[in-house]
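Everything on this sheet refers to the single structure shown next.
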Amino acid sequence: MAASLPQLDQIPRDKLVDGAGRSLKDFRRGLGLRVGRVWLDIAGGYVGLFAAVFGTAWLGAASPAYWPVAIVLGALGIGYAMAYIQLFFHEAVHYNIASSLPTNDRLANVFIG
């Protein structure tokens, strides 16, 4: 695969520093898993999904005249929640949803895929 900016390949990684003077290696070493935050966000996506599903059913049952509106709003809410949950595949690819690699893959398959 050809690089889109070949001049970036010329920069030695050990020379990259941020505004505070930290090297890329030191910055990456300081990164850690935030598994709890990731799972809180995934749970929030499922709460939104269930709210959209049950909200659609409730609105349609409470007022049959608004059933077409409930369907449109429900479709938008369900679609948004599903897209939000699917974004966590990116976290799963970087093994950010569990500390064990096999567990990470299993949890991604069950809860995201």
Side-chain angles (χ1 to χ4, degrees):
M1 183 168 126
S4 59
L5 296 172
Q7 63 269 28
L8 289 179
D9 294 332
Q10 310 278 327
I11 300 172
R13 288 184 175 242
D14 59 341
K15 303 289 184 207
L16 293 175
V17 294
D18 64 5
R22 280 186 308 182
S23 69
L24 176 63
K25 188 175 183 178
D26 290 336
F27 173 76
R28 292 187 68 186
R29 191 177 305 127
L31 297 175
L33 288 178
R34 296 179 61 194
V35 175
R37 176 59 198 235
V38 170
W39 281 104
L40 182 65
D41 290 343
I42 291 171
Y46 276 104
V47 167
L49 177 62
F50 291 129
V53 169
F54 291 114
T56 301
W58 175 81
L59 183 59
S63 181
Y66 290 115
W67 187 242
V69 173
I71 291 173
V72 171
L73 292 176
L76 289 172
I78 292 168
Y80 183 86
M82 290 299 295
Y84 177 83
I85 293 168
Q86 294 298 310
L87 287 174
F88 287 95
F89 267 128
H90 182 85
E91 293 299 321
V93 167
H94 292 290
Y95 302 108
N96 287 338
I97 63 173
S99 56
S100 163
L101 302 185
T103 303
N104 181 82
D105 291 344
R106 282 190 213 103
L107 290 172
N109 287 339
V110 170
F111 290 103
I112 301 169

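Bear in mind the structure is a predicted one, so any value in this text is a computation, not a measurement. What you see below is based on every heavy atom in this structure, not just the backbone, and it leaves out hydrogens, waters and symmetry mates.
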Notebook entry, point to check: Distance from Arg34 atom CZ to Ile97 atom CD1, nearest 0.5 Å?
Noted result: 15.5 Å
Checklist line | Single-linkage hydrophobic cluster Ile42~Val53, side-chain heavy atoms < 4.5 angstrom | finding: yes
Next item on the list: Check whether Leu33 and Val93 end up in the same hydrophobic cluster, where Ile, Leu, Val, Met, Phe, Trp and Tyr are linked by side-chain heavy atoms less than 4.5 Å apart.
Entry: no
Notebook entry, point to check: Hey, what do you get for CD1 (Ile112) to CG (Asp105), rounding to the nearest 0.5 Å?
Noted result: 10.5 Å
Item checked: Between CG on residue Asn96 and CZ on residue Phe88, distance to nearest 0.5 Å -> 11.0 Å
Checklist line | Side chain Glu91, main chain Val38, donor-acceptor under 3.5 Å | finding: no
Next item on the list: Give a yes or no on whether the backbone of Phe111 and the side-chain of Tyr46 come within a donor-acceptor separation of less than 3.5 Å.
Entry: yes
Checklist line | Side-chain heavy-atom pair Ser99, Val35 within 4.5 angstrom cut-off | finding: no
Next item on the list: Any chance you could measure Thr56, atom OG1, to Trp67, atom CH2, to the nearest 0.5 Å?
Entry: 7.5 Å
Notebook entry, point to check: Of all residues at least two apart in sequence or in a different chain, which pass the salt bridge (Lys or Arg N to Asp or Glu O under 4.0 Å) check with Arg22?
Noted result: Asp18
Note to self: Could you work out, with side chain to side chain donor-acceptor pair (under 3.5 Å) as the rule, every residue matching Asn104, not counting sequence neighbours?
What the structure shows: none
Check: What is the distance from atom CD1 of Ile78 to atom CG of Leu49, rounded to the nearest 0.5 Å?
Finding: 6.5 Å
Notebook entry, point to check: Is there a path from Ile71 to Tyr66 through hydrophobic residues (I, L, V, M, F, W, Y) whose side chains come within less than 4.5 Å of each other?
Noted result: no
Next item on the list: For Asp26, enumerate each residue passing the side chain to side chain donor-acceptor pair (under 3.5 Å) test, keeping only those at least two apart in sequence or located in another chain.
Entry: Ser23, Arg29
Checklist line | Minimum-distance pair of heavy atoms, taken over all atoms of Ala70 and Gly60 | finding: CB-N, 4.0 Å
Checklist line | Closest non-hydrogen atom pair, Gly45 against Ala81 | finding: O-CB, 3.9 Å
Check: Transitively linked via ILVMFWY side-chain contacts under 4.5 Å: Met82 with Val110?
Finding: yes
Margin query: According to a hydrophobic-cluster definition based on side-chain heavy atoms being under 4.5 Å apart (Ile, Leu, Val, Met, Phe, Trp, Tyr only), do Tyr80 and Ile85 belong together?
Written below: no
Next item on the list: Would you name the heavy atoms of Ala92 and Ala108 that are closest together and state the gap between them?
Entry: CB-CB, 3.6 Å
Checklist line | Side-chain heavy atoms of Trp39 within contact of Leu107, under 4.5 Å | finding: yes
